[in-house]
2 protein chains.
Amino acid sequence: MKLPRYIEIAKELEEKILNNTYKKNERLPAERILAEEYNVTRVTIRNAIEHLVLKGFLEKKVGSGNYVKKNTLNLNISEQLSFSEKSHFLKQTPRTDVIEFKEISGDAKLMEIFNCDSNEVFFFIKRVRYLDNTPVNLENTYLPKSLFPNLTKDIMKGSKYDFVEKTLSIKESYNKITPILPNEELSQLFNLTSCEPIFYKTSIGISKKDIPFEYSELYFNPNIYEFTFTSKR
Amino acid sequence: MKLPRYIEIAKELEEKILNNTYKKNERLPAERILAEEYNVTRVTIRNAIEHLVLKGFLEKKVGSGNYVKKNTLNLNISEQLSFSEKSHFLKQTPRTDVIEFKEISGDAKLMEIFNCDSNEVFFFIKRVRYLDNTPVNLENTYLPKSLFPNLTKDIMKGSKYDFVEKTLSIKESYNKITPILPNEELSQLFNLTSCEPIFYKTSIGISKKDIPFEYSELYFNPNIYEFTFTSKR
DNA sequence: AAGTGGTCTAGACCACCAA
DNA sequence: TGGTGGTCTAGACCACTTC
């Protein structure tokens, strides 16, 4: 599995941001300098930097330089960051609790998503993620047992995608965000006082063989997550 | 105001998509072909195409080609498209109603956003946008009178940004999306039956001189807008 | 096997920002 | 004014799909 050079460089730069070699709000070395350092052209460096801008690590300033984004307390729903990556960036301690782990048969919705009949069995896993003991989100995951026969509760205490990628290659996922009113369980978990709506994201994971391998529902704690973005021009 | 060549090319390609020279789901000419047609290198064509992918007009398929995205009925909140652009793409007739147009004095929130005292006067404009007579969103705009002394109700029936850009250059805008429960006015306007939450976006516009020139609030009709995205890898 | 987009080299000139 | 990112040229090889 040979990764493009610009992805490798992006990972090395990310590591240097995480371990504070490049500090918050500081300017990165100029693109021409980095190109020399890594023995590539500026195009390759610019690809790596663009990658990190999309991940929310860097910010560009024309005529000035590329800067390490200052730490935002809130998590941003639109960023494509894994939970553990973000918590490392925020210097907070992550924890995942598996609330429920059971086998279920598919309802109409699952049968449609996974294009299967009613004999298919699914793992249903309900998890809550914490940062420094504050619940940040609640996730329901549905995984077909036929694809992941060896799944256990212990595995789901760790990274779901690390496990999934031992079995198959992920191609992409289809996501949809909807505003919903939290039920009693969510209100209590997130300590919501009034009747305030929250963000809810559904996600269908597709493997490189074009087979759906996952359906998940994610509920965001509105006190932690916000959804902001800056648009230019 | 000389635009980069890739932006010019993106506009020409967009025009060809809108007037059906390149049809829905059809493949665009290969990047090498386009490069020859426009007398530029492939890098420039790729920049133009990337631009149109971000605007939601095109879709890439490795080893196959770049395709015109099929028409989606719903508007997508995450796309950076202007209202008139999107309605043209959807082949629906847009209309803007100015519901309210008045002068107000700033409250604490406006005074903080615009960094001004209580003497500053603002235009408050409430508008509803329609596609084929279906209300798609409701917008409240706050503009400082000192910046736009000549603003009239008639002007606001047209494009807000066309007007603003006659006075100043826009640098960027800060946006935040929140889920809220609609009030009675919104429920009736969007014909919402139950107690369903909707998306609400606030936006602060900043000029190239780093002066805030606009604050706006946008309420989305949940029957029209959806918020979906595909993430790779 | 031919054609496609993905990545990359080795340069160049420009507009913008800071000192 | 010197340095920065933004844009662009004119090529090349690769991995992938199948026009």
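In what follows, chains are A, B, ... by sequence order, proteins preceding strands, each numbered from 1.
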Quiz item: Does the separation of the ring centres of A:Tyr142 and A:Phe114 fall below 6.0 angstrom?
Solution: no

Quiz item: Is B:Asn66 near enough to C:dT4 that one of its side-chain N or O atoms lies under 4.0 angstrom from OP1 or OP2?
Solution: no

Quiz item: Please give, in whole Å, the distance from C:dC17 C1' to B:Asp210 CG?
Solution: 13 Å

Self-check item: Selection residues 111-125 of chain B - residue pairs positive for side chain to side chain donor-acceptor pair (under 3.5 Å), sequence neighbours left out
Solution: B:Glu120-B:Ser146

Under 3.5 Å, which donor-acceptor pairs do the side chains of residues 30-39 of chain B form with other protein atoms, sequence neighbours left out?
{"from": "B:Glu31", "atom 1": "OE1", "to": "B:Arg42", "atom 2": "NE", "distance (Å)": "3.1"}
{"from": "B:Glu31", "atom 1": "OE1", "to": "B:Arg42", "atom 2": "NH2", "distance (Å)": "3.2"}
{"from": "B:Glu31", "atom 1": "OE1", "to": "B:Arg46", "atom 2": "NH1", "distance (Å)": "3.4"}
{"from": "B:Glu31", "atom 1": "OE2", "to": "B:Arg46", "atom 2": "NH1", "distance (Å)": "3.4"}
{"from": "B:Glu31", "atom 1": "OE2", "to": "B:Asn66", "atom 2": "ND2", "distance (Å)": "3.4"}

Self-check item: Contacts of type side chain to side chain contact (heavy atoms under 4.5 Å, CB included), residue B:Asp107, not counting sequence neighbours
Solution: B:Lys109, B:Leu110

Quiz item: Does a donor on one side chain sit under 3.5 Å from an acceptor on the other, for B:Thr152 and B:Asp154?
Solution: no

Can you check nucleotides 9-14 of chain D for protein contacts, nitrogen or oxygen pairs under 3.5 Å, and list what you find?
{"from": "D:dT9", "atom 1": "OP2", "to": "B:Thr41", "atom 2": "N", "distance (Å)": "2.9"}
{"from": "D:dT9", "atom 1": "OP2", "to": "B:Thr41", "atom 2": "OG1", "distance (Å)": "2.7"}
{"from": "D:dT9", "atom 1": "OP2", "to": "B:Thr44", "atom 2": "OG1", "distance (Å)": "2.5"}

Quiz prompt | Between C1' of C:dC16 and NZ of B:Lys171, the distance in whole Å | solution = 12 Å

Quiz item: Of all residues at least two apart in sequence or in a different chain, which pass the ring-ring contact (aromatic ring centres under 6.0 Å, His included) check with A:Tyr22?
Solution: none

Quiz prompt | For A:Asn150, side-chain hydrogen bond (donor to acceptor under 3.5 Å, both in side chains) partners two or more places apart | solution = none

Between the protein and nucleotides 1-3 of chain D, list the N/O to N/O atom pairs that are separated by less than 3.5 angstrom.
{"from": "D:dG3", "atom 1": "N2", "to": "A:Gly63", "atom 2": "O", "distance (Å)": "2.9"}

Quiz item: Considering residues at least two apart in sequence or located in another chain, which fulfil the ring-ring contact (aromatic ring centres under 6.0 Å, His included) criterion with B:Tyr161?
Solution: none

Quiz item: Between A:Ile7 (CD1) and C:dG6 (P), how many Å, whole number?
Solution: 13 Å

Exercise. Name all residues meeting the side-chain hydrogen bond (donor to acceptor under 3.5 Å, both in side chains) criterion together with A:Thr141; count only those two or more places apart in sequence or in a different chain, and write none if there are none.
Key: A:Glu139, A:Lys160

Quiz prompt | Nearest-neighbour nucleotide for the A:Val62 side chain, D:dT7, C:dG5, C:dC16 considered | solution = C:dC16

Practice problem: Measure the distance from CG on B:Asn25 to P on D:dC19 and round it to the nearest whole Å. | Solution: 15 Å

Self-check item: Nearest-angstrom distance from the residue atom NE2 of B:His51 to P of D:dT7
Solution: 10 Å

Quiz item: Expressed in angstrom and rounded to an integer, what is the separation of B:Lys61 atom NZ from C:dG6 atom P?
Solution: 13 Å

Quiz item: D:dG6 phosphate, OP1 or OP2: any side-chain N/O from A:Lys60 under 4.0 angstrom?
Solution: yes

Quiz prompt | Whole angstrom value for the distance that separates P of D:dT17 from CD of B:Glu31 | solution = 16 Å

Quiz prompt | Spacing between B:Ile9 atom CD1 and D:dC8 atom C1', to the nearest angstrom | solution = 11 Å

